[in-house]
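Presented below is the structure to which this report refers.
Lettering follows sequence order; numbering is per chain, from 1.
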Amino acid sequence: MTLDHLKHMNKTQRAAVVHGYKSAPAQPGRPLLIIAGAGTGKTETLSNRVVHFLASGVSPDNILLLTFTRKAAQEMTRRAIATAGRVLGTNVGEIPYSGTFHAVGARLVREFAEQLSLSPNFTIKDRGDSADLLDMVRHQLGFSTLDVNFPDKNQCLEIYSYKINACMPLKEVLKSRYPASKKWTKQLRQLFTEYRAAKRKQNVFDYDDLLVYWAKMLNQPDIADQLRTRFSHVLVDEYQDTNRLQAKILFGLKPDGRGVTVVGDDAQAIYSFRAATVENILDFPQVLPKVRVINLEQNYRSTNQILKACNAVINLSTRAYAKNLWSDRPNLGKPSLAVVENDSAQATYIASQILRAKEEGIPFRAQAVLMRSSHHSQKLEIELTKRNIPFEKWGGVKFLEAAHIKDVLSLLRWLENPRDEVAAMRALKLLPGIGPSAAMKVIGRLEGRMGRLVLRDADQPRGCGDHWGQFVRLVKRLQKRPWKASLPEVVKWYLPLMKHDNPELRAADLGQLCIVASSYSSREQFLVEVTLEPPEGTVGPNKPGRSDDDCLVLSTIHSAKGQEWDHVYLLNAVDGCIPSSRAKTPAEVEEERRLLYVAMTRAKNRLSLMVPQRVFSWRQNSSVVDLFTRRSQFIPRSAEKLFVVRATSGKPRTRRAS
DNA sequence: CTTCAGGCAGTTCTG
DNA sequence: CTGCCTGAAG
Ligand SMILES: Nc1ncnc2c1ncn2[C@@H]1O[C@H](COP(=O)(O)OP(=O)(O)OP(=O)(O)O)[C@@H](O)[C@H]1O
């Protein structure tokens, strides 16, 4: 073996890579924590550590490699496999248990389903479908008409999910995060109990269940033993963004911490809305015995000028993040604060800059536009399309979450799992003349014949005429015909019934969906994988599977974590966007500061923060107005000297409250 | 029982 | 602008 994976690492990084593995040890080493700032090579070190394990003879099957987001998981797995290939001189193939907590959880739960007395062919509901199921229960219990202020389906699911992920009693969750809903404690408790029962009865899982049942497996000694033996090495990236439930899983897998490596940066904790808690990483050395802690201080990513600005932003925090980051990368210019008139000016400015950079030899794929929330890029997307700049968008409304896509998928889901009432409801409501109550009636009549979806002509509800017969025949055909022919057939049936606007655009989306689906070998495989690993892309002009080689990236800051680009542009660096106007408590504002820090530290060579002087916003009394903005409070005058301030449009900057 | 118009409130980030 | 609820018409 060559030592490729050690050669370019610095001394501290190398120590982390080989920790516990200087010579072939009898058992996995003591727990290792790498806590270090942005761009110091944490992920690089972690993936080289995996390579080192493989090179030392550890089987890929014994390695569990976890992260929080799909993007980060893909990136890390890719790096590890590529380097391992170089070091070992053979293709490593894959690391089977590498991915997000949820994806790995899904595999394990399916594998051990029988021992958990679960049926192994459960389907996983995405966020929207889970909310719909919860809403059905909410209506049945009469809570929807109890009081206008009773939390809606999304709030209910948020509360439920927070409770599960934070491992907190409902009462405490309501008190600390949803005080307005405290008076419904009793109802919410009942709602959640019934929701769990409904999931059980319909053999469906929500995202949280994947973690819940994984944690449960670790309480069953027989399964726990198997898993502990299987995963001799467990590595977690972005550990600062894990939650209590995930920590429980980690400690359940490795009670004494041997073989555990966790990596993270408390200054980059940005997922508290998913119940992530930074205490996981800060308390790690106290929770496990004999933890080796390694700090990295040299930033290899950014120029010193960019890094200085990043440090200035994070150091204004009331909390101390003890990091002394430095960089010896040559300077290529201070980051800029580009003051533009409004949204449109922001879009044209960025589009021009991107094309200019491209002319200078920076390909589109080395540039990225980041934003706090995904709709901030609307104007820009139009501008990019106008100028034929190819882009892909990370985050935001997913292809599979669009209404028309969900409509056709619902029929497939129902066929796959006849007990799935959300799918049944949605599919039935597509028929003209069938609304919620007729659909419920049909579903009720089906209770007896559960194995396989069987519809009879006699089940016809009143008032939907010919459509019922056609539907029954369609279902029969779909059950007989091979999978490849299914989706086009459903689409053909669906299009004339579609009630959404923009029919041509949606028809095109559905055509694309057929192409994507045809690469899966069966309906089951398609439905199983699609919820956890959805195809890239969003609805509209930029569809999954169609990306250019050289493609600009538009991304939310959350989805950009762990990534890096030569040029980074940040949209709307103004109060109300960063920090978001929804951040109220000091803790929430601090998280917004860290978001800005994460965004800025993605840049290697050039960084532009956009400051539009007016943005569109929604005022309390409906209508859309554009408001005067203030530059983000996280970049006060005192930090200005670290930036170049560029005013691009004629008008002088006027100070006005928003 | 479905559908559609009108009123009203809320609008982040992800698996 | 959307999603959700309500009430009236078909
Ligand atoms: N010893 C090194 N020498 C040269 N380049 C390095 C070294 N270590 C890491 N790098 C490079 O620095 C960049 C940042 O590394 P990496 O993404 O692993 O950092 P990170 O600490 O995970 O960052 P973040 O927390 O901000 O996502 C990468 O391009 C990586 O290849």
Side-chain angles (χ1 to χ4, degrees), chain A residues 66-73 99-106 124-132 135 138-139 144-155 157-158 161 164-165 205-211 238 241-243 245-246 269-276 370-376 378 394-398 400-401 403 428-429 431-441 461-464 499-501 530-534 555-561 572 576-584 588 591-592 594-595 598-599 616-624:
Chain A
L66 297 168
T67 32
F68 212 52
T69 62
R70 283 188 294 121
K71 277 268 143 45
T100 61
F101 274 87
H102 294 89
V104 172
I124 300 165
K125 294 224 155 302
D126 66 21
R127 177 102 208 193
D129 286 342
S130 304
D132 286 343
D135 204 35
R138 185 170 157 273
H139 277 107
S144 50
T145 48
L146 204 60
D147 186 307
V148 275
N149 291 322
F150 193 86
D152 68 15
K153 61 175 179 181
N154 294 309
Q155 280 171 296
L157 188 63
E158 215 179 288
S161 186
I164 298 291
N165 283 285
F205 278 47
D206 60 24
Y207 285 134
D208 299 329
D209 286 327
L210 302 172
L211 304 183
E238 309 285 9
D241 281 321
T242 53
N243 56 45
L245 183 52
Q246 289 164 324
I270 55 175
Y271 276 94
S272 68
F273 70 93
R274 259 165 68 159
L370 306 185
M371 64 210 89
R372 172 65 177 90
S373 59
S374 69
H375 68 262
H376 288 162
Q378 259 178 21
W394 300 355
V397 178
K398 306 283 179 340
L400 292 154
E401 285 164 12
L428 286 167
K429 279 199 297 192
L431 298 179
I434 296 192
S437 79
M440 272 321 280
K441 238 181 235 162
R462 274 186 308 159
C464 77
K499 288 175 209 129
H500 308 293
D501 55 357
V530 105
T531 331
L532 284 171
E533 300 285 339
S555 173
T556 59
I557 300 174
H558 285 90
S559 296
K561 204 150 75 147
N572 296 350
C577 295
I578 312 180
S580 157
S581 50
R582 311 200 62 203
K584 314 277 275 194
E588 284 165 344
E591 181 147 320
E592 298 289 316
R594 293 192 296 267
L595 270 161
V598 169
F616 289 99
S617 174
W618 289 266
R619 264 269 174 79
Q620 313 262 314
N621 346 338
S622 70
S623 69
V624 183

Review point. Within the structure shown, what part of the strands sits under 4.0 Å from A/His139 by heavy-atom distance: base, sugar-phosphate, or nothing?
Key: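 Contact class for A/His139: sugar-phosphate only.
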
Review point. Looking for any heavy atom pair under 4.0 Å, which part of the strands does A/Phe101 touch: base, sugar-phosphate only, or nothing?
Key: nothing

It should be established whether [X] places a side-chain nitrogen or oxygen under 4.0 Å from OP1 or OP2 of nucleotide [N].
X        : N      : answer
A/Thr69  : B/dT14 : no
A/His375 : C/dC1  : no
A/Arg70  : B/dG15 : yes
A/Lys561 : B/dT14 : no
A/Ser559 : B/dT14 : yes
A/Thr556 : B/dT12 : no
A/Ser374 : B/dC13 : yes

Where the side chain of [X] is defined as all heavy atoms beyond and including C-beta, which of [options] is the nearest nucleotide?
X        : options                : result
A/Arg582 : B/dT11, B/dC1, B/dT14  : B/dT11
A/Arg127 : B/dT12, B/dG15, B/dC13 : B/dG15
A/Asp208 : B/dG15, B/dT14, B/dT2  : B/dG15
A/Lys153 : B/dG15, C/dC4, C/dC5   : C/dC4
A/Ser373 : B/dG15, B/dC13, C/dC5  : B/dC13
A/Pro436 : B/dT2, B/dT11, B/dC1   : B/dT2

Practice item. Using the ring of A/Phe68 (Phe, Tyr or Trp, six-membered ring only), decide whether A/Arg274 places NZ or CZ under 6.0 Å from its centre and within 45 degrees of its axis. Key: yes

Examine distances only and state if a side-chain atom of [X] and a backbone atom of [Y] form a donor-acceptor pair shorter than 3.5 Å.
X        : Y        : result
A/Gln246 : A/Phe101 : no
A/Asp129 : A/Asp126 : no
A/Arg372 : A/Ile578 : no
A/His558 : A/Ile270 : yes

Review point. Pick the nucleotide of DNA chain B nearest each of A/Ala438 and A/Glu591; which residue has the one closer to the 5' end?
Key: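 The residue mapped nearer the 5' terminus is A/Ala438.
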
Check your understanding: Mapping A/Leu431 and A/Ser580 to their closest nucleotides on DNA chain B, which lands nearer the 5' end?
Key -> A/Leu431

Atom [atom1] of [X] to atom [atom2] of [N]: distance rounded to whole Å?
X        : N      : atom1 : atom2 : value
A/Lys499 : C/dG3  : NZ    : P     : 15 Å
A/Asn154 : C/dG3  : CG    : P     : 11 Å
A/Leu211 : B/dG15 : CG    : P     : 13 Å
A/Lys584 : B/dT12 : NZ    : P     : 15 Å
A/Glu588 : B/dC13 : CD    : P     : 15 Å
A/Gln155 : B/dT12 : CD    : C1'   : 14 Å
A/Lys429 : C/dC4  : NZ    : C1'   : 12 Å
A/Ile578 : B/dT12 : CD1   : P     : 15 Å

Check your understanding: Do A/Phe273 and the base of B/dC13 stack face to face, with centres under 5.5 Å apart and an angle between planes under 30°?
Key -> yes

Practice item. Before accepting this row, confirm whether a basic side-chain N of the pair A/Arg582/A/Glu588 lies closer than 4.0 Å to the acidic partner's carboxylate O. Key: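 No, this pair does not count.
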
